[in-house]
Protein chains: 2
Amino acid sequence: MRTSFPQLELDAQICFPLYAATRAVTQTYGRLLSDVGLTYPQYLTMLALWGAEEPLTVGEVGARLRLDSGTLTPLLKRLEAAGFVVRRRDPGDERRVLLEVSDQGWELRERVAHVPGALVESLSMSAKEGAELRRLLHELLEHLDADG
Amino acid sequence: MRTSFPQLELDAQICFPLYAATRAVTQTYGRLLSDVGLTYPQYLTMLALWGAEEPLTVGEVGARLRLDSGTLTPLLKRLEAAGFVVRRRDPGDERRVLLEVSDQGWELRERVAHVPGALVESLSMSAKEGAELRRLLHELLEHLDADG
DNA sequence: GGCAACTATATTGCGCGCAATAGAATCGTG
DNA sequence: CACGATTCTATTGCGCGCAATATAGTTGCC
């Protein structure tokens with residue numbers, strides 16, 4: 001390089017490993033999920049719906065996944081088209097859309113129950129390192145939420 | 001939820017914090033880079049070109065960033081349209097495209113020299129934690145490269 | 001009740017990210 | 001030299017991810 005800018009080295013930063021690792025993990029999930037016809041963001045959305053006590057709204061899913069309606073609306077329409085979710089307006093507040101997991105959606109849950117284990121296998125990380133990584137990522141998220 | 005699938009909890013996994021943290025970091029970069037008209041992937045591409053001793057090919061940039069031509073070709077055309085990069089076929093091998101940083105591209109480097117520092121500031125992570133996070137992410141990448 | 005703020009979702013536009021494919025140039029082998 | 005295999009970039013198609021905007025429904029205040 002023409003002059004020295006050591007702070008601009010690719011590998012010296014956290015940003016690039018984070019970016020590359022996320023894409024690698026997404027691809028690994030993609031291979032595990034292609035059988036059942038889900039993408040990784042669709043899988044995360046189903047996790048949110050499966051984990052809720054009752055039907056969530058689009059906004060509630062967005063709050064959990066940190067995604068907005070521009071991303072979620074078409075994604076949810078695809079999940080509905082695939083038969084995993086039913087979307088209907090909340091009769092009590094017609095602005096809101098309630099997302100209900102269909103019977104087929106509950107069956108899907110059993111078909112992907114092996115996925116987290118398979119992924120942890122692929123990562124081949126110790127439980128201790130995994131917990132540490134999770135802790136650091138949560139910390140990073142909190143800082144960026146506060147003032148990032 | 002209807003039945004218990006503890007392994008399917010959103011926060012129990014590494015995947016979701018990784019996914020959310022990456023998007024948060026990308027957004028933080030986006031705010032820092034919007035002044036100069038770069039996106040985050042464009043910035044990473046410029047880092048690769050700035051850091052090379054001589055013009056890189058599309059494939060060489062792809063190897064460094066782990067991106068393929070489907071992503072890079074249009075991205076590089078946008079960088080060329082913005083005046084930061086010159087693309088030309090390698091006279092010695094007409095299959096390859098050489099990517100040269102323009103004068104304007106070198107000037108850009110000085111205008112973003114503050115970005116890594118500003119980002120580290122936003123993360124408000126200790127140097128020790130940053131190094132640990134980087135180490136864990138590199139490890140994760142290696143495992144996924146090998147058999148993921 | 002009426003009307004202005006506010007809220008929730010949908011739409012549009014653009015830039016990735018990647019699989020699949022195409023097309024051109026080069027290489028290797030006979 | 002010929003020709004099939006390989007390499008390199010470009011193209012196409014689709015699904016995010018997000019800013020900006022639009023639209024419909026609700027609430028609060030008078």
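In what follows, chains carry the letters A, B, and so on, assigned in the order in which the sequence lines appear, proteins first and then strands, with residues in each chain numbered from 1. Bear in mind the structure is a predicted one, so any value in this text is a computation, not a measurement.
- In this structure, A/R95 places its CZ atom 16 Å from C1' of D/dA22, rounding to the nearest Å.
- The CD-C1' distance, from A/E60 to C/dT9, rounds to 13 Å in whole Å.
- If you measure from atom CZ of B/R89 to atom C1' of C/dA25, you get 9 Å, rounded to the nearest angstrom.
- For the pair A/Y19 and A/T71, nearest-nucleotide mapping onto DNA chain C gives the more 5' position to A/T71.
- An OP1 or OP2 oxygen of D/dG25 is reached within less than 4.0 angstrom by no side-chain nitrogen or oxygen of A/R96.
- With rounding to whole Å, B/R78 atom CZ is found 13 Å from D/dA10 atom P.
- In this structure, B/R66 does not reach the C/dC16 phosphate: none of its side-chain N or O atoms is under 4.0 Å from OP1 or OP2.
- Proximity of a side-chain donor or acceptor of B/S69 to a complementary backbone N or O of B/L72 within less than 3.5 Å is not detected.
- A close approach under 4.0 Å does occur between a side-chain nitrogen or oxygen of A/Q27 and OP1 or OP2 of C/dC18.
- In this structure, B/K77 reaches the D/dT11 phosphate: one of its side-chain N or O atoms is under 4.0 Å from OP1 or OP2.
- Between A/Y40 and A/Y29, the ring planes are parallel. Angles under 30° get that label, and only those over 60° would be called perpendicular.
- Within the nucleic acid shown, A/T39 comes within 4.0 Å of sugar-phosphate atoms alone, with no base atom in reach, counting heavy atoms only.
- The distance between atom CG of A/L98 and atom C1' of C/dA8, rounded to the nearest whole Å, is 12 Å.
- Between D/dT9, D/dC18, C/dT9, one nucleotide has an atom nearer to the side chain of A/D68 than all others, and that is D/dC18.
- In this structure, CG of B/L99 is placed 13 Å from C1' of D/dC8, rounded to the nearest angstrom.
- The CG atom of A/L79 sits 12 Å away from the C1' atom of D/dG15 (whole-angstrom rounding).
- Residue whose closest nucleotide on DNA chain D sits further toward the 5' end, between A/Q42 and A/D90: A/Q42.
- Between the side chain of A/D103 and the backbone N or O of A/W106, no donor-acceptor pair lies under 3.5 Å.
- Relative to the side chain of B/P41, the nucleotides C/dA10, D/dT9, C/dG17 differ in distance, and C/dG17 lies closest.
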* Could you walk me through whether B/V25 and B/S122 pass the side chain to side chain contact (heavy atoms under 4.5 Å, CB included) test, one step at a time? => CA-CA 9 Å; B/V25 168; B/S122 289; over 6 Å; no

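- Using modelled atom types, no side-chain atom of B/Q104 and backbone atom of B/F84 make a donor-acceptor pair closer than 3.5 Å.
- Checking the phosphate oxygens (OP1, OP2) of C/dT9, no side-chain nitrogen or oxygen of A/S69 falls inside 4.0 Å.
- Note on A/T57: only backbone sugar-phosphate atoms sit closer than 4.0 angstrom, heavy atoms only; bases stay farther off.
- Residue contacts for B/L75: at a heavy-atom cut-off of 4.0 Å it reaches the sugar-phosphate backbone alone, with no base atom in range.
- Contact annotation for B/L67: backbone-only contact, meaning every heavy-atom pair under 4.0 Å involves sugar-phosphate atoms and none involves a base.
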* To do: Determine, stepwise, if the pair B/R66 / B/L141 fulfils side chain to side chain contact (heavy atoms under 4.5 Å, CB included).
  => CA-CA 11 Å; B/R66 297 159 182 261; B/L141 264 175; 3.7 Å; yes

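- Taking atom CZ on A/R87 and atom P on C/dA8, their separation rounds to 17 Å, with Å as the unit.
- Among the heavy atoms of the strands lying under 4.0 Å from B/G70 is at least one base atom, whether or not backbone atoms are also near.
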